[in-house]
Number of protein chains: 2
Amino acid sequence: MSLEDTDLVRVRALSLFRALDSEVFTRLMRGAFLQRFPRGSQLTSQGQPDNFLFVLLDGAIELEGSSSDRESTLALLWPTATLGLASIVLDGPSLMSARTTKASLILMVPGDAFRQALGENAALGRAVAEELAGCFSGAVRSLKNCKLRTARERLISYLLAQYERQDGGSIIRLPCRKRVLASLLGMTPENLSRAFASLTPHGVEIDGATVTLRQPDALAMLARPDPMIDSDVGEGFSQAERERRRGKRLAMAAL
Amino acid sequence: MSLEDTDLVRVRALSLFRALDSEVFTRLMRGAFLQRFPRGSQLTSQGQPDNFLFVLLDGAIELEGSSSDRESTLALLWPTATLGLASIVLDGPSLMSARTTKASLILMVPGDAFRQALGENAALGRAVAEELAGCFSGAVRSLKNCKLRTARERLISYLLAQYERQDGGSIIRLPCRKRVLASLLGMTPENLSRAFASLTPHGVEIDGATVTLRQPDALAMLARPDPMIDSDVGEGFSQAERERRRGKRLAMAAL
DNA sequence: CGGCGAATTGACGGACGTCAACTGCTGTGG
DNA sequence: CCACAGCAGTTGACGTCCGTCAATTCGCCG
């Protein structure tokens with residue numbers, strides 16, 4: 001599939017590419033192409049070489065780590081996130097396995113062209129550095145989330161973070177199946193179910209993927225949300241994606 | 001304290017600075033200075049602004065995360081590691097608290113000068129991107145270590161990683177107090193003590209900070225070490241530091 | 001309508017944290 | 001130089017959190 005203008009504009013607006021000269025940008029995009037993937041497509045496999053930088057334009061991606069037959073969801077990606085930047089920069093193996101959880105539209109940028117441009121262009125270098133610093137920051141927050149909180153606290157913090165982020169008052173739509181959420185939060189589906197049940201006395205009502213928080217303040221007392229952890233935990237490591245959300249919040253605030 | 005030539009040579013050899021023009025390097029170093037810190041000095045505090053890039057030339061640093069009166073050691077840094085790169089690049093708050101665990105010699109590079117040079121110099125941009133990609137990779141490995149293994153498996157993997165890394169045959173010297181190691185591995189000191197005890201039937205002998213592995217192969221069966229996790233887990237997120245170790249291993253292999 | 005997977009619920013067990021007591025080391029000051 | 005305070009480490013008893021296994025229900029899609 002060729003690059004349509006509307007898609008190109010969206011890519012151009014990403015923090016990774018925004019500061020680039022038109023000439024460098026077009027050179028990068030010359031080798032790039034758009035691809036549609038059905039739900040469940042494996043994009044990368046942990047430990048395998050990674051030859052493309054992915055930009056998720058539409059759909060959803062699950063990042064998963066595995067070791068000796070155990071698996072865990074490490075993050076979920078939404079538009080407009082990037083994937084694989086660290087592997088491309090280091091020319092090393094993929095850190096995580098990635099697979100689409102919805103039919104997705106993905107821009108694929110060849111890694112070698114990207115690496116070459118990186119060595120030649122200071123603006124790209126800076127943008128990549130900022131993006132990777134954001135990835136690192138996200139991973140450190142996930143690590144703290146995992147080491148400093150119990151499973152129940154992680155669930156509460158997750159719900160409160162979604163509550164802050166989504167606009168619909170005290171009503172939240174879970175963005176993924178519960179078993180995926182459980183893995184993301186580092187627990188079993190059974191335990192997630194019980195944790196949800198234990199929150200009903202605190203004003204949490206669950207109906208399928210719809211969760212209503214009747215007493216968010218009471219929940220905050222149970223988990224002590226922490227801005228140095230909760231901004232965007234487990235919601236992908238991509239700075240571009242964070243920016244998109246920040247922009248959305250600002251746009252809403254302006255109304 | 002002023003920059004001595006011998007120290008300057010060590011800094012110049014770091015992957016972060018190696019590819020730089022002499023002119024850019026000297027400009028960066030013009031505002032930099034060396035400082036000695038006694039054991040226990042607080043270098044950064046989680047959430048506080050971070051105005052220096054630290055380069056640990058001598059000593060040791062513990063990185064710690066905290067949230068609502070709980071604390072956890074996230075990594076240990078040895079020479080020649082860098083600290084604070086992500087915060088400097090993003091001009092944001094410190095992600096973790098850092099404090100020296102030994103008397104330390106540290107090069108402090110002003111953050112604003114560094115940020116400015118980053119925007120102007122492609123070689124620096126690339127070096128920073130690589131360093132941060134390494135940091136991200138390290139953090140992701142720590143996250144997998146935490147989510148995919150039990151406490152006992154983390155200990156075994158840690159011992160095996162140290163065993164691979166240190167030269168002294170099957171004898172390991174723990175690089176930190178056991179309570180710090182426990183926190184790094186995500187367990188309590190009591191539990192670490194019990195985990196050690198449970199390994200004696202498998203050829204692990206403990207004498208203070210000295211650990212002897214009589215049957216490393218048997219240990220590997222108990223934990224299934226994984227190269228996509230274990231390279232340098234919890235041993236700092238700095239690429240420069242990893243390189244130093246790789247160099248050491250290569251130098252040893254050459255003997 | 002039938003089957004499959006997601007989600008829930010219960011019973012059970014294991015891993016790990018907490019509390020307390022005890023030991024040994026270390027550094028410090030009389 | 002030694003006494004002693006204080007902390008690191010170990011060990012035991014106990015409780016809690018959470019994983020495992022199994023049974024059941026529900027919704028979805030063939």
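Within every chain, numbering begins at 1; the chains are lettered A, B, ... in the order of the sequence lines, protein sequences first and strands thereafter. Computed over heavy atoms, backbone and side chain alike; hydrogens, waters and symmetry mates excluded.
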So for A:R194 and C:dG10, does any side-chain atom that can act as donor or acceptor lie under 3.5 Å from a complementary atom in the base? yes
Measure CD/A:E205 against P/C:dT8 and give the value in whole Å, please. 15 Å
Nucleotide of C:dT9, C:dA7, C:dC16 approaching B:T150 most closely (side-chain heavy atoms): C:dC16
Could you tell me whether B:R224 atom CZ has more than 12 heavy atoms of other residues or ligands within 6.0 Å of it? no
To the nearest angstrom, the CG-P distance between B:D207 and D:dT10 comes to 11 Å
B:R39 CZ - D:dC7 C1' separation (whole Å): 11 Å
Side-chain N,O (B:S193) to OP1/OP2 (D:dG9) below 4.0 Å: no
Rounding to an integer number of Å, can you tell me how far B:N191 CG sits from D:dT11 P? 13 Å
Taking atom P of C:dG17 as reference, at what distance in whole Å does atom CZ of B:R152 sit? 15 Å
In whole Å, I'd like the distance from the CG atom of B:L192 to the P atom of C:dG17. 10 Å
Please figure out whether A:E190 or A:R154 has its closest DNA chain D nucleotide nearer the 5' end. A:R154
Any side-chain N or O of B:R179 under 4.0 Å from OP1/OP2 of D:dA8? yes
Are B:F52 and B:I106 side-chain neighbours, meaning at least one heavy-atom pair lies under 4.5 Å? no
Can you tell me how far CG of A:D230 sits from NZ of A:K144, rounded to the nearest 0.5 angstrom? 10.5 Å
If you measure from the Lys or Arg side-chain nitrogens to the Asp or Glu carboxylate oxygens, is any gap between A:R70 and B:E153 under 4.0 Å? yes
From CZ of A:F196 over to C1' of C:dA7, roughly how many Å is that when rounded to an integer? 12 Å
Over all strands shown, is A:G186 touching base, sugar-phosphate only, or nothing at heavy-atom distances under 4.0 angstrom? sugar-phosphate
Return the value, rounded to whole Å, for the distance between atom CG of A:D69 and atom P of D:dT20. 11 Å
Test side-chain hydrogen bond (donor to acceptor under 3.5 Å, both in side chains) applied to B:S41 and B:R99, step by step: CA-CA 5 Å; B:S41 309; B:R99 116 181 120 235; over 6 Å; no
